[in-house]
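What follows is a short report on a single structure.
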Amino acid sequence: MWVDSGDYEQALERAWEHTREWLRALPRRPVRPSITADDVAAVFGGPLPASGLDAASVIDFLAEHAEPGLMAMQSGRFFGWVIGGTVPAGMAADWMVSAWDQNSGLRFATPATAGIEEAAGQWLLELLGLPVGSDVGFATGASMANFTALAAARWRQLAAVGWDVNAGGLQGAPKLRVLVGAERHESLDMALRFLGFGAPEVVAADHQGRIDPAALRTALESGSGPAIVCLQAGNLHSGAFDPFREAISAAKDHGAWVHVDGAFGLWAAAVPGLRHLVEGVGLADSWGTDAHKTLNVPYDAGIVVVRDVAAVRSAIGMHAEYLMQDDHGPGDPMEKVPELSRRARGVPVWAALRSLGGDGVRELVAGRAECAAELARRLAEVPGVEVLNDVVFTQLSLAFGSDERTRAVTDFIMADGRVWMSGSRWQGRDILRVSVTNWSTDSADLDIAVQAIKDALAATA
Ligand SMILES: *Cc1c(COP(=O)(O)O)cnc(C)c1O
């Protein structure tokens, strides 16, 4: 037999040792990887050996050869995209989920993980100020959370005009309009493509990327028929929030379904001092967010919340006699996300929330926004640095004079390794994007970030 049950202990002990080394090295390690994906593929690839290798040796090989190709996204000096690290309880719970190996689609079959996810779902509704009684599903990420919510929206808005999309599909269906802000996240367009919609109607946004509610009203008035409006809590360049109350009121006057992409920004709702940013967001119909961003849970932690339970279960659920489903009450987990088989993604979310408590979540989110504001204040004093956005949450967009100079500074920062920040283009300019999302980022990390940017400016003068 190739597999020996005694291998679990040795392999897991090796994994624990390597993990400990990885975590201990994080404060000192360069953030960037030192080898390329091609290098790694060469070491790990070649023909599959005919003979096996014991589990502990496999883990040793992984740890040794993957290490130089790892990006320290878990480091407090990582400021790229909108990533977040992992709080200890979330990481350890994620290991438990693997060991338990529960296929978490059905309440009666996996009551522990289904019940834990329901508890996490209730906490999330409370923290994010969303309607009690909504369905909460644990998807892979915000992209699939958005997809799931938009599938529910498609089902409901077509049902409202007498079309059953489950039976008739989209061919021959009444025209369903989808309106988005000019600065929505591209994953919304992807989700719309998956759902058989073409390109959405684009509504103007202001200089911070917020949808213009008057333009939204005009756009809605210029057409007719069922509609879906997508709003955003947290623009990935500026961190800005759409004006929910006005935009939702315009959408509701036209009977539209409102979906909010709040991948990282929806968490502002958990903090009294930031809650004004999402004022009115609870009036929407569905929301997508991530726990792997602002909450600092390991990946595979998207969250979809839908007020209209019948719509999401009709659009996304599956019914088969052999599954012995729970058709009433809380509903089976598999009715709330696209997957049938899946790991118990909500368990690390529960663990992170329980370890932080309500106060800890507030401190985590408020602390990231405070660090971003402090970084903006300090960088504004550095000659040659322009902070282009109003820093209202966790995001900064920086420029350094010409596009050419900005690109040179970005290249320097990415090669340097003390910190990691990524480039982008926003409002017609090349920029260096900074996101303060890791739980561990502190003033010492900000000192290093400011110094790295000063050095980059000196090196590119
Ligand atoms: C990250 C992000 C997404 C996509 O989320 P994934 O978890 O990567 O699928 C969507 N919208 C916004 C605003 C984001 O920041």
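The structure displayed is predicted, hence computed values, not measured ones. Whatever order the structure lists them in is the order used to number ligands and atoms, beginning at 1.
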*Run the numbers for me: atoms of ligand 1, each under 4.0 Å from some heavy atom of F264, listed by number.*
15 (O)
*Provide the number and element of each atom of ligand 1 under 4.0 Å from a heavy atom of H292.*
7 (O)
*Who's the nearest protein heavy-atom neighbour of atom 6 (P) of ligand 1, and how far?*
A142 N, 3.5 Å
*Mark up the atoms of ligand 1 that fall under 4.0 Å of a heavy atom belonging to D290, in ascending order.*
5 (O), 6 (P), 7 (O)
*Out of I211, V180, D242, which one pairs with C230 under the side chain to side chain contact (heavy atoms under 4.5 Å, CB included) rule?*
V180
*For ligand 1, which atoms sit closer than 4.0 Å to a heavy atom of K293?*
1 (C), 2 (C), 3 (C), 4 (C), 5 (O), 14 (C), 15 (O)
*For ligand 1, which atoms have a heavy atom of G234 less than 4.0 angstrom away?*
13 (C)
_Tell me whether E246 is salt-bridged to R217, with the criterion being a basic N under 4.0 Å from an acidic carboxylate O._
no
*Which atoms of ligand 1 are found less than 4.0 Å from any heavy atom of A263?*
2 (C), 3 (C), 10 (C), 11 (N), 12 (C), 13 (C), 14 (C), 15 (O)
*Out of D261, D300, T294, indicate the one that has the non-hydrogen atom closest to atom 11 (N) of ligand 1.*
D261
*Quick check: are there more than 12 heavy atoms from other residues, nucleotides or ligands sitting under 6.0 Å from CD of E221?*
yes
*asked:* Would you say CZ of R32 has more than 12 non-hydrogen atoms from neighbouring residues, nucleotides or ligands within 6.0 angstrom?
replied: yes
*Picking from R342, R107, K336, R343, what satisfies salt bridge (charged side-chain N to carboxylate O under 4.0 Å, His left out) with E117?*
R342
